[in-house]
Amino acid sequence: MKLIDSKTLLNLAKAYSGETQAYTRYKFIEYGARNEGYNALSEVIDKVVFNEFNHARMLYTAIQQASPKTIENIDITGGYPFKQKWNLVENLKLAAEDEAAEIQIYKEFEKTAKEEGFEEIANLFRMIRDVENCHKMLFEDLHNQLSTGTLYKKPKAVKWKCSGCGYEAEGKEAWDMCPLCKAKQGFVMLKLADGTC
């Protein structure tokens, strides 16, 4: 079977569309975090944004290998989430849910690619799925910490570091303002849960 005639090509196009939309949704969340003064949180989310960009890039590259000619259009139908509003805590929870849905979708796409004989594309779907699982865990952790007020408070003393100037200090809580550069608390680097990718 040729890729150009396959269901796998349609799945690549759906995945590409999904990744570009995730890129934009997470850019909105990153913007919201930065707007609310959570600079270090926005930097963590920005890394996820860049991951989604690269997923889209690799999917687009796979699509382009389907034909030496220009592919004018791939007609796809798919449902995509539009749940997020302008609430940072809720958006982190919804992002984790979106990632969980993507994991299931990529399992199906991988299965179809294998059945149609496209092992390399099946591996692409699997690898992206593994990263999306890391994103899910990250968003769950960030949501949990922000919603419970533990983003900058821990039960035991930890080392806090300012992302602005590199100043470090130990304590159960991060400072409100960096003693060295006077950056606000939102510049304190985050302590993510163990096992978070």
Residue pair K47, E43: steps toward the salt bridge (charged side-chain N to carboxylate O under 4.0 Å, His left out) verdict = CA-CA 7 Å; K47 289 180 180 152; E43 289 174 0; over 6 Å; no
Decide side-chain contact (heavy atoms from CB on, under 4.5 Å) for N54 and F50; before the verdict, give the C-alpha distance in whole Å, the side-chain angles of both, and the deciding distance to 0.1 Å.
-> CA-CA 6 Å; N54 278 303; F50 190 64; 3.1 Å; yes
Given the rule in the side chain to side chain donor-acceptor pair (under 3.5 Å) test, do S17 and Q21 qualify, once you have shown the distances and angles that lead to the verdict?
-> CA-CA 6 Å; S17 183; Q21 289 180 42; 3.2 Å; yes
Check the pair V48, I29 against side-chain contact (heavy atoms from CB on, under 4.5 Å), reporting the backbone distance first and the verdict last.
-> CA-CA 11 Å; V48 174; I29 296 171; over 6 Å; no
side-chain contact (heavy atoms from CB on, under 4.5 Å) between C178 and K182, worked out = CA-CA 5 Å; C178 177; K182 308 301 183 211; 5.9 Å; no
side-chain contact (heavy atoms from CB on, under 4.5 Å) evaluation trace for L12 with F125 | CA-CA 9 Å; L12 282 166; F125 287 141; 3.7 Å; yes
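Side chain of N133 to backbone of R129: no donor-acceptor contact under 3.5 angstrom is found. Side-chain atoms of N91 come within 3.5 Å of backbone atoms of K85 as a donor-acceptor pair (strictly under, hydrogens ignored). T150 places no side-chain N or O within 3.5 Å of a backbone atom of K153 that could act as its donor or acceptor partner. Between the side chain of S67 and the backbone N or O of K69, at least one donor-acceptor pair lies under 3.5 Å. A donor-acceptor pair is defined here as one N or O able to donate and one able to accept, closer than 3.5 Å; such a pair exists between the side chain of D141 and the backbone of A193. Put simply, the side chain of Q145 gets close to the backbone of K191: a donor and an acceptor are under 3.5 Å apart.
By the 4.5 Å heavy-atom criterion applied to side chains, Y38 and L146 are counted as neighbours. For the pair L59/E19, a side-chain contact is recorded, criterion being any heavy-atom separation below 4.5 Å from C-beta on. Side-chain contact between N123 and R126 is present, with heavy atoms from C-beta onward closer than 4.5 Å. With contacts defined as side-chain heavy-atom distances shorter than 4.5 Å, the pair E30/K27 qualifies. With a 4.5 Å cut-off on side-chain heavy atoms, E52 and T24 do not count as touching. Side-chain contact check for L92 versus I45: some heavy-atom pair is nearer than 4.5 Å. Residues E116 and K7 form a side-chain contact, since some pair of their non-hydrogen atoms from C-beta on lies under 4.5 Å apart.
With rounding to the nearest 0.5 angstrom, the OH atom of Y80 is 10.5 Å from the CZ atom of R25. In this structure, CZ in R57 is found 14.5 Å from OG1 in T20, a value given to the nearest 0.5 Å. Considering CD1 of I4 and CD of Q65, their distance stands at 12.0 Å, rounded to 0.5 Å. For the atom pair N39 CG and C162 SG, the distance stands at 9.0 Å (nearest 0.5 Å). To the nearest 0.5 Å, the span separating CD1 on I105 from CG on N11 amounts to 10.0 Å. Between L151 atom CG and L190 atom CG the span is 5.0 Å, to the nearest 0.5 Å.
Under a hydrophobic-cluster definition in which Ile, Leu, Val, Met, Phe, Trp and Tyr are linked whenever side-chain heavy atoms come within less than 4.5 Å, directly or via other members, V49 and L138 are assigned to the same cluster. Criterion: ILVMFWY side-chain heavy atoms under 4.5 Å apart, direct or through other members. Under it, L142 and I103 are not part of a common hydrophobic cluster. Note: the hydrophobic cluster containing Y16 also contains M58 (ILVMFWY, side chain heavy atoms under 4.5 Å, direct or indirect links). No continuous path of hydrophobic side-chain contacts links L94 to F28 [ILVMFWY only; heavy atoms under 4.5 Å]. In this structure, Y106 is a member of the same hydrophobic cluster as L3, with clusters built from ILVMFWY side-chain heavy atoms closer than 4.5 Å.
Enclosure of atom NZ in K93 is not indicated, since only 12 or fewer non-hydrogen atoms of other residues, nucleotides or ligands lie within 6.0 angstrom. Few gaps surround CZ on F118; more than 12 heavy atoms of other groups in view lie less than 6.0 Å from it.
Of all heavy-atom pairs spanning M189 and S163, the tightest one is CG-CB, 3.7 Å. Scanning both residues, P155 and K172, for their nearest heavy atoms gives O-CE, 3.3 Å. When all heavy atoms of L124 and A62 are compared, the pair lying nearest together is CD2-CB, 4.2 Å. In this structure, A66 and I71 approach most closely via the heavy-atom pair CB-CD1, 4.2 Å. Listed here is the closest heavy atom pair of A174 and Q185: O-NE2, 3.2 Å. Heavy-atom minimum distance, C165 versus L180: SG-CD2, 3.5 Å.
For the ring pair (Phe, Tyr, Trp, His ring centres under 6.0 Å) criterion with Y167, the lone passing option out of F187, W160, W175 is W175.
Of the N and O atoms on the side chains of H135 and E102, not one donor lies less than 3.5 Å from an acceptor on the other residue.
For E170 and K159, the salt-bridge test fails: no basic side-chain N is under 4.0 Å from an acidic carboxylate O. Looking at E132 and K136, no side-chain N of the basic residue comes within less than 4.0 Å of a carboxylate O on the acidic one, giving no salt bridge.
Aromatic ring centres of F139 and Y26 lie closer together than 6.0 Å.
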